[in-house]
Amino acid sequence: MNILAIESSCDDTSAAIVADGIVLSNVIAGQKVHEQYGGVVPEMASRAHIQNIVPTVAVALQSAELTVEHIHAVAFTQSPGLIGSLLVGAGFAKAFAQARKLPLIAVHHMQAHVLAHFIGNPKPSFPFLCLTVSGGHTQLVLCKSHLDMQVIGETIDDAAGEAFDKTAKMLGLPYPGGPLIDQYAALGNPLAYKFPSSPMLNYQFSFSGLKTSVLYFLQKMKKENTNFIRERLHDICASVQHTIINILIHQLKKAAQDLGITQIGIAGGVSANSGLRAAVQQLGTAQNWQVFIPDFQFCTDNAAMIGITAHYKMLAGQFANLDTTPSARAIWPNE
Ligand code: KG4
Ligand code: ZN
């Protein structure tokens, strides 16, 4: 069974073909237009999706060496995300499904980030605890099976990706700043500057205090030396990244210990961060836990994860229909 999967929740237009749980192709068209604005401009994102979606699907089919006649089901991201962006993907998927008389599968974006772990090998077994860290979310997800997931903790304010991106913006770096901070952090001293990282209760996360503290710190240092950011960029990036990672790893470790879980993983855009990848590996080694980290291409937004989720939903008989509407809010499938 070949599934055509579409992901368009934010600023990447992606299409993938997943055949019986195997990813045949995964094509991502990024949108450079947002770089200059320091964040995603929703209206521009929707317009770019409209321009990108047909060619992206065409390339996904071509790379899988298939044509539209070979597709047996169509999947799309239903929620959460920017509503205009979601509507483009959902509209395309529905039109394709209706034209070809194919079943539709609606996918939850954050559930798909977790299920990116089931694209490659080895795959986690259950129970599996996944720290999902993206531009819009930071969640600890307890997975009892592929489709039975429970969010046991999340951020009460900013997401981890936002903490990276907002720091980058304060440093004058373009959007999205996370990958750049990662790059510069590798050249700096993570202990050069100290920022607050007090742990929250109940597996919660908070990054807004860190953001304010970085802002005040930079204002103070720039008063003393106008070239401070330029001269100490690597150390600033390394120190902020170190603090974000400490906050994340502390809660992941605590939750896994409390629940007695020995299979842990990270997912979402921030799981591409080299410091976080190393820290979670270290945690696994120290605790004798098995650690799962998706390939880079399946960390940030991609349609392969939508396709793999659709594969499990199809096996469970969970189909959508033409009345299934996208939603900006993160409604988990079992809510
Ligand atoms: O999952 P994702 O692609 O989109 C959302 O669902 O939000 O995550 C995007 C986020 C952005 O905040 C981006 O800066 C961050 O992931 N990101 C990184 C890295 N690569 C992407 N953050 C830190 N280090 C990276 N290497
Ligand atoms: Zn995402």
Side-chain angles (χ1 to χ4, degrees), residues 5-14 16 26 28-31 34-35 37-40 42 45 49 76-82 85-86 89 107-117 130-139 141 154-155 158-171 173-188 190 205 207 210-211 237-238 240-245 247-249 265-280 293-306 308-309 328-330:
I6 309 289
E7 153 62 31
S8 70
S9 64
C10 191
D11 59 338
D12 290 315
T13 317
S14 182
N26 179 45
I28 303 166
Q31 302 181 1
H34 310 288
E35 271 179 14
Y37 298 104
V40 177
H49 282 306
F76 65 97
T77 305
Q78 182 189 11
S79 72
L82 300 171
S85 292
L86 290 167
V107 171
H108 188 285
H109 182 86
M110 297 312 292
Q111 183 170 43
H113 269 305
V114 177
L115 291 178
H117 285 288
C130 187
L131 169 70
T132 314
V133 270
S134 71
H137 297 84
T138 300
Q139 299 179 324
V141 185
E154 58 192 323
T155 182
D158 291 351
E162 271 177 291
F164 274 101
D165 297 338
K166 287 178 179 173
T167 300
K169 197 173 176 182
M170 290 186 241
L171 296 173
L173 302 173
Y175 178 86
L180 285 172
I181 295 208
D182 189 359
Q183 218 174 300
Y184 296 136
L187 307 167
F205 301 87
F207 293 101
L210 170 64
K211 177 182 65 186
C237 289
V240 175
Q241 177 172 300
H242 178 72
T243 311
I244 296 172
I245 292 171
I247 294 171
L248 294 172
I249 292 289
I266 51 172
V270 180
S271 66
N273 183 270
S274 49
L276 180 60
R277 293 169 89 90
V280 77
I293 304 178
D295 270 7
F296 282 107
Q297 59 167 326
F298 303 128
C299 288
T300 43
D301 289 349
N302 67 87
M305 67 184 194
I306 304 301
I308 203 83
T309 307
R329 238 196 84 217

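Note that ligands are numbered from 1 as they come in the structure, with each ligand's atoms numbered from 1 the same way.
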Hey, which atoms in ligand 1 end up nearer than 4.0 Å to a heavy atom of G136? 7 (O)

Counting non-hydrogen protein atoms only, what is the nearest one to atom 24 (N) of ligand 1? Give residue, atom name and distance. N273 ND2, 3.0 Å

Just which atoms of ligand 1 are under 4.0 Å from any heavy atom in H109? 6 (O)

So, H137 and the Zn ion (ligand 2): N/O/S under 2.8 Å, yes or no? no

Quick note on ligand 1: atoms under 4.0 Å from a heavy atom of A272 include exactly 20 (N), 26 (N)

For T300 and ligand 1, does the shortest N/O to N/O distance drop below 3.5 Å? no

Restricting to N/O/S atoms, is H113 within less than 2.8 Å of the Zn ion (ligand 2) or not? yes

Take T77 and L86 through the test side-chain contact (heavy atoms from CB on, under 4.5 Å) and record every step on the way to the result. CA-CA 7 Å; T77 305; L86 290 167; 3.9 Å; yes

Does C10 offer a backbone N or O that forms a donor-acceptor pair with the side chain of S85 under 3.5 Å? yes

Where ligand 1 meets G161 - atom numbers and elements under 4.0 angstrom, heavy-atom basis: 12 (O)

Report yes if E162 has an N/O atom closer than 3.5 Å to an N/O atom of ligand 1; otherwise report no. no

among protein heavy atoms, the one nearest atom 26 (N) of ligand 1 is D182 OD2, 2.9 Å

Can you sort out which atoms of ligand 1 are near P176, meaning under 4.0 Å from one of its heavy atoms? 14 (O)

Heavy-atom nearest neighbour of atom 4 (O) of ligand 1 within options N302, I181, D301: D301

For the residue pair F205 and F207, categorise the inter-ring angle as parallel (less than 30°), tilted (30 to 60°) or perpendicular (more than 60°). parallel

To the nearest 0.5 Å, tell me how far T138 OG1 sits from L248 CG. 6.5 Å

Backbone of S8 reached by a side-chain donor or acceptor of D301 within 3.5 Å: no

Of the protein's non-hydrogen atoms, which lies at the shortest distance from atom 14 (O) of ligand 1, and what is that distance? D165 OD1, 2.6 Å

Does ligand 1 have an atom that lies less than 4.0 angstrom from a heavy atom of H113? yes

Nearest heavy-atom neighbours spanning A160 and I244: CB-CG2, 4.5 Å

Side chains of L180 and P174: does their closest heavy-atom pair fall under 4.5 Å? yes

Report yes if some heavy atom in the side chain of D182 is under 4.5 Å from a heavy atom in the side chain of F164; otherwise report no. no

Quick check: do I249 and L276 have side-chain heavy atoms less than 4.5 Å from each other? yes

Of G178, A160, G39, C10, the residue with the heavy atom nearest atom 22 (N) of ligand 1 is G178

Is there a side-chain contact between D12 and E7 (heavy atoms, below 4.5 Å)? no

Look at atom NZ of K169 and say whether more than 12 heavy atoms of other residues, nucleotides or ligands are closer to it than 6.0 Å. no

Which ligand 1 atoms are under 4.0 Å away from a heavy-atom of G135? 5 (C), 7 (O), 8 (O), 9 (C), 10 (C), 12 (O)

Restricting to N/O/S, name the atom of D301 that gets closest to the Zn ion (ligand 2). OD1

Protein heavy atom at shortest distance from atom 20 (N) of ligand 1: G269 O, 3.4 Å

